[in-house]
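Here the structure comes first, spelled out in structure tokens, and everything after it is commentary.
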Amino acid sequence: MKKHFLFLLITILSLNCYAQIDFKKGYYVDNTNQKIDCLINSVDWNNNPSEFEYKLSENGESKKATIKNVQEFGIDNVAKYIRSKVNIDRSSEIVTKLSQVRNPLYKEEELFLKVLIEGASNLYEYTDVSLVRYFYNLESSNIEQLIYKSYNTKENKIAENNGFRQQILNNLKCPDITASTVSKVDYNKSDLTKLFAKYSDCQNSEIHYLELKKNRDFFNLTIRPRFNSSSFMIETLSFYPGETVDFGSKTGFGIGIEAEVILPINKNKWALAVEPTYQSFKAETTNNNVVSVIGGTIASRVDYSVVEVPVSLRHYLYLNENSKFFIDASFVFGFSSNTMLEFENLQTSFTFQKTINDTTNFGFGVGYKFLDTYSLEIRYQTQRDLVGKDASMSSSYKALSVIFGYSLF
């Protein structure tokens, strides 16, 4: 069972390469100002790129373009980047690495800047790991960085240089953009985009938003019935030494309801999920000719009902707008109710009962989701010792589930 799951996991992960190669309609402008329509690999750039992969046709050869030979490129309805030589301050915003200097320490670099908004004034973004800088210009003026910097004072206190607010007051002249308004603006994409849009409105200029605004589902509630294949084995240490009680594999059904929260990171590819699930395992077996302290034939019975609560971290691998694979890892809490192990000597009618413990274990799953509504997952759970607190015996409970999902919203 475990080998089959690992094979499926490797198969799904091997599709990651395919899932991440998604060429979309776009263009680039070369150094001769020629615009070339093409298909661009829509990589989820967390950092501003310095190169990109493209094809001239669906079946064409994949090629690479770099910042040295491209002055602008874009993916339709997704993003646009322009090449520009700018002065950038790369002072760290990490507390332990803050500069002692208040003013920006500029260095000229040639970068691809991401266009956020075009209008009477233009706003750009540059991201490099933890570094985020915003740039702007008015019409045909040079692109400049909006100044923001954290630094350490002589008194060893953290202070901020919010020079971008004065830059805005000096250059974005508009009755609606006042000192009071600007004082409430923080150095982030949302606040700056709204402010630059307000300026273009003030100038009666057409506004173009170059970053796709997605209507993202932050929360999903999904009903998840499942088909379970479970096995349970007990090794007794003192009850009848050397004997193993194997209840074999049983199939059954369970049902869960999952609450999933999509995290606003890495293009919505990560999620946290909690899924209360009910399932049960009931079996009986007989061990003949047992050499034990009580002797005879032993009938063993298990009746296990549990509400499991997996807490999962999930990662999505997009195939296209309608389809995606996912992998998840779970920490599973088990809450059993009215569950019992029973051993009966059929010659003497002597009966010994043992209550099953609540335990935790891990789960790993791979799956597929279609139209953000229908899903199919295979999940393997690691070994769980249901009598772990009993020094007289140990056990191994394993489960593999095929889970169907229907998202209500």
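Counting from 1, the numbers follow the sequence of the chain as shown.
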**Asked** Can Arg384 be said to sit on top of Tyr397's aromatic six-ring, NZ or CZ under 6.0 Å from centre and within 45° of the ring axis?
**Response**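 The answer is no; the distance or angle limit is not met.
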**Request:** Could you tell me whether Lys269 sits above the aromatic face of Tyr316, with NZ or CZ closer than 6.0 angstrom to the six-membered ring centre and within 45 degrees of the axis?
**Result:**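 No, cation not above the ring by the 6.0 Å, 45° rule.
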Salt bridge check, [Y] against [X]: does any charged N sit closer than 4.0 Å to a carboxylate O?
X: Glu160; Y: Arg102; value: no
X: Glu72; Y: Arg83; value: no
X: Lys64; Y: Glu53; value: no
X: Arg90; Y: Asp128; value: yes
X: Asp191; Y: Lys184; value: no
X: Glu377; Y: Arg224; value: yes

**Asked** Given side chains that start at C-beta, do those of Asn220 and Val261 come closer than 4.5 Å, heavy atoms only?
**Response**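 Asn220 vs Val261: side chains apart.
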**Request:** Decide yes or no for Val245 and Ser395: does some side-chain heavy atom of the first lie under 4.5 Å from some side-chain heavy atom of the second?
**Result:**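 Result no, sub-4.5 Å side-chain heavy-atom pair not found.
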Is a donor from one side chain sitting under 3.5 angstrom from an acceptor on the other, for [X] and [Y]?
X: Gln166; Y: Asn170; answer: yes
X: Asn87; Y: Glu108; answer: no
X: Ser280; Y: Ser305; answer: no
X: Asn33; Y: Gln71; answer: yes

**Request:** Report, as yes or no, whether the 6.0 Å neighbourhood of atom CZ on Phe331 holds more than 12 heavy atoms from other residues, nucleotides or ligands.
**Result:**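 More than 12 within 6.0 Å, yes.
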**Prompt:** Do Tyr134 and Phe164 make the cut of ring centroids closer than 6.0 angstrom?
**Reply:**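 No: the rings miss the under 6.0 Å criterion.
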